[in-house]
Structures are given as structure tokens and as C-alpha cells.
Protein chains: 2
Amino acid sequence: MKKLTKVEEQVMQIIWKLERCLMRDIIEELGEPDTPRSTITSVVRILNNKGFVGHKAYGRTYEYFPLISKEDYSRQTLKGLVSNYFDGSVNRLVSFLAKENDIDLKDLNDMLKQLDQTEKDEENDA
Amino acid sequence: MKKLTKVEEQVMQIIWKLERCLMRDIIEELGEPDTPRSTITSVVRILNNKGFVGHKAYGRTYEYFPLISKEDYSRQTLKGLVSNYFDGSVNRLVSFLAKENDIDLKDLNDMLKQLDQTEKDEENDA
DNA sequence: GCTTTATGGCGTAAAAATACGTTAAACATT
DNA sequence: AATGTTTAACGTATTTTTACGCCATAAAGC
């Protein structure tokens, strides 16, 4: 899958958030008055060319919407990160985070217990 | 911090791996015969301009080495990913991984216990 | 309904990333 | 040492990304 560049990603985040939107919504949401609107439209156009967003014409104005979900893209990105920086091992990533004290171990334990419980519930449902 | 592009990252990975290296080491390690060496040298030159790698001249030939550690860069990238795709919550990231079955919960539990133990050991040392 | 102001698609300029050819030095072979 | 071969720094061409101006339309004010 193609990778988003810095600015593309910024705009894409907005389109993901708004789901279906007009140019004005994107510009309003971005709210950076220093960037000219014409620059934003360019980026949207390129996102469109690259297949990240689609558009539907309403008269002369377009409605834009994502063609790839944020979740799919983050999954892909995360996979790449793990493969490049953590020897392809997700556990290594988590262990890195833990060592960095980015996660509270107790929190995580609680969370895991909950997930574990969810799994058991699903088993019972089946 | 500046972000590496696709090709830059590829070359950077090699320089991180080799630590201190000559052009020929990088090219050998890359081992993609379809990419001309001159292209690689360009990328290295740009990495140098961007401050990712330094060089030391030995006569007419340069020895290259990373100026930023792989760990630092991955930390930074990960932080960005979490902030952009997981509402800034690392726990949310881990929970995502767990739901995707990318991590085995049991493995993770064992790992956490070990980390927990390490912390206690460190407390005893102090 | 005419003038003024805002909107946004489009073409394209400017900057950055990627790709390659040339060439001069380094090394090998005789 | 003279010749051929490999190496890699450098300059630049090409492509992609980023940024803007223009202008036709739409909307607002009078």
C-alpha cells in the first residue's frame, strides 16, 4: 500500500474524522489560516489520484470521502513499524513500551484480564 | 524531528545495522542490483544533509555512521503513530494489537510478570 | 438584477525526493 | 610504471510533493 506523506496524512486525518465532507468542512476543520485553501485542494486532489479518497459530484462541487479506513491504514503502518524496528515481533514492541514506562503495567494487566474475559464470553456465546 | 522517506529509511536501516561503514558496505548490504549505486550515494548524501548520518573522510573516501540512534527514531515514530491513530493512548494501541490477535495474551502476561519482577529486583538493589 | 465577496477546481510554480551519467581517484594486473 | 577496471563523489535530470494564483461559479449585499 502507498504511504501518506506528512501533509497528505494531516488532511487524511480530517477526512477520516468527517467521513463525508465538502472542501469547506476540511478547511474549517484544519483551521490553519496560514495555509492557503488552494494548497489544501491540491492535497485533496492528490489523495484522490492516489486512491485514498473518492468524490461524488453535486453539481459543480464535490463531496469527498475516504476510500481506505483509518483502521486499515494504521494496521498497515503499525505492521511496517514492527517489522522495521522491532524485528517483526509485536511482543518486543510491547516490551519496549513497558520499559519506556509508556504503559502502566497494572493498567495493562487489568485490560488484559478484561480482554481475556471477553474471549471467554465469546466462547460461551458460540 | 524530520521524517525519513521510504528510500531514505531503507538506507538508514542499513547504516544502523552496520554502524560505521563505507559506501561499498552499504551497497553490498542492500544487494538490490537493479538500483544503480549512484542512486544510493545520492540518498546517503541527503541523509547526511538532513543530519541523520555523519561522515569522516579517510583520504578521498568517507566513512559513514548514524547520528541518530535507531531506538530514538523508532521511539519518535511510535509516538507519532500512537498520537495520530490511537488517541495518544498506548494502552489503546496494545488493546488493538490484542484484539487483532497479533499478541498472544498468555505470552504477554508472562512477559509482564517478568517485567514486574525486574522492577522489584531493581527496588531491592536500590 | 447588478456589484461585491467567497468558494474551490484547475494549471502550474517551487521545493524536495528519487534516479542516473560522468569523471576522477583507487586499486588491480601485467 | 602503464593500462584496465572498479569505486563513489558530484552535478543534474526526472519525478513527486508542496504551495499558490487564477478564474469561473456561487452566494451575499444593496
Side-chain angles (χ1 to χ4, degrees), chain A residues 1-15 18-68 73 77 80 84, chain B residues 1-15 18-68 73 77 80 84:
Chain A
M1 184 176 21
K2 258 199 149 316
K3 204 168 133 187
L4 294 167
T5 65
K6 208 157 110 69
V7 186
E8 280 167 11
E9 164 142 15
Q10 222 174 320
V11 173
M12 201 60 208
Q13 289 284 351
I14 291 171
I15 297 175
L18 302 177
E19 279 289 325
R20 311 196 117 254
C21 51
L22 305 173
M23 204 60 228
R24 82 170 64 94
D25 305 321
I26 298 173
I27 287 166
E28 190 184 335
E29 185 69 28
L30 186 59
E32 281 189 36
D34 39 325
T35 331
R37 26 189 341 114
S38 46
T39 301
I40 323 282
T41 67
S42 292
V43 175
V44 174
R45 197 198 321 162
I46 286 169
L47 285 171
N48 185 237
N49 292 340
K50 284 196 181 176
F52 280 99
V53 317
H55 69 261
K56 186 163 187 279
Y58 284 107
R60 208 184 127 63
T61 251
Y62 294 177
E63 184 188 53
Y64 298 99
F65 48 86
L67 289 179
I68 176 175
Y73 186 74
T77 309
N84 281 334
Chain B
M1 183 176 24
K2 258 197 150 319
K3 203 168 132 186
L4 293 169
T5 66
K6 209 158 109 71
V7 186
E8 280 167 11
E9 163 143 14
Q10 222 175 321
V11 172
M12 202 60 208
Q13 288 285 351
I14 292 170
I15 297 175
L18 302 178
E19 280 288 326
R20 313 196 117 253
C21 51
L22 305 175
M23 205 60 228
R24 82 168 65 94
D25 304 321
I26 298 173
I27 286 165
E28 189 185 334
E29 185 68 28
L30 186 60
E32 281 190 36
D34 39 328
T35 330
R37 26 188 341 117
S38 45
T39 301
I40 323 282
T41 67
S42 291
V43 175
V44 174
R45 197 196 324 164
I46 286 169
L47 286 171
N48 186 237
N49 292 341
K50 284 196 182 176
F52 280 101
V53 318
H55 70 260
K56 187 166 188 279
Y58 283 107
R60 209 184 123 65
T61 250
Y62 293 177
E63 184 189 54
Y64 297 99
F65 48 87
L67 288 180
I68 176 176
Y73 186 74
T77 309
N84 282 335

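Residue numbers start from 1 in every chain, and the chains themselves are labelled A, B, ... in the order their sequence lines are given, proteins ahead of strands. What's counted below: heavy atoms across the whole structure, side chains too, no hydrogens, waters or symmetry copies.
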A.B. asks: Sequence neighbours excluded, which residues qualify as side-chain hydrogen bond (donor to acceptor under 3.5 Å, both in side chains) partners of B/E29?
C.D. replies: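 Per chain and number, B/E29 pairs via side-chain hydrogen bond (donor to acceptor under 3.5 Å, both in side chains) with B/K17.
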A.B. asks: Holding to side-chain hydrogen bond (donor to acceptor under 3.5 Å, both in side chains), I want the full list of residues that pass it with B/R45, two or more places apart in sequence or in another chain.
C.D. replies: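 Partners of B/R45 by the side-chain hydrogen bond (donor to acceptor under 3.5 Å, both in side chains) criterion, ordered by chain and then number, come out as B/S42.
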A.B. asks: Does B/K56 have any side-chain hydrogen bond (donor to acceptor under 3.5 Å, both in side chains) partners at least two apart in sequence or in another chain, and if so, which?
C.D. replies: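 For B/K56, the residues satisfying side-chain hydrogen bond (donor to acceptor under 3.5 Å, both in side chains) (neighbours in sequence not counted) are B/Y58.
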A.B. asks: Using atom OH of A/Y62 as one end and atom P of C/dT7 as the other, report the distance to the nearest whole Å.
C.D. replies: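 About 19 Å, once rounded to whole Å.
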A.B. asks: Using a 4.0 Å cut-off on protein heavy atoms (strictly under), produce a 5'-to-3' string for nucleotides 14-25 of chain C with B for base contact, S for backbone-only sugar-phosphate contact, and - for none.
C.D. replies: ---SBBBB---S
A.B. asks: What orientation do B/F52 and B/Y73 show, parallel under 30°, tilted 30 to 60°, or perpendicular over 60°?
C.D. replies: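 B/F52 vs B/Y73 ring planes: perpendicular.
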A.B. asks: Shoot me the first and last contacting nucleotide of DNA chain D against chain A, ordered 5' to 3', at under 4.0 angstrom to non-hydrogen atoms.
C.D. replies: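 Listing 5' to 3', DNA chain D meets chain A from D/dT17 to D/dT25.
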A.B. asks: Check salt bridge (Lys or Arg N to Asp or Glu O under 4.0 Å) between A/E9 and all other residues, then give those that pass, not counting sequence neighbours.
C.D. replies: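 Expected list: none.
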A.B. asks: Among residues at least two apart in sequence or on other chains, which ones pass salt bridge (Lys or Arg N to Asp or Glu O under 4.0 Å) with A/E28?
C.D. replies: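 Here no residue qualifies.
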A.B. asks: Taking only residues two or more places apart in sequence, or in another chain, which ones meet A/K3 in a salt bridge (Lys or Arg N to Asp or Glu O under 4.0 Å)?
C.D. replies: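 Expected list: none.
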A.B. asks: In chain order, what residues pass the salt bridge (Lys or Arg N to Asp or Glu O under 4.0 Å) check against B/R20, with sequence neighbours excluded?
C.D. replies: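 Expected list: B/E63.
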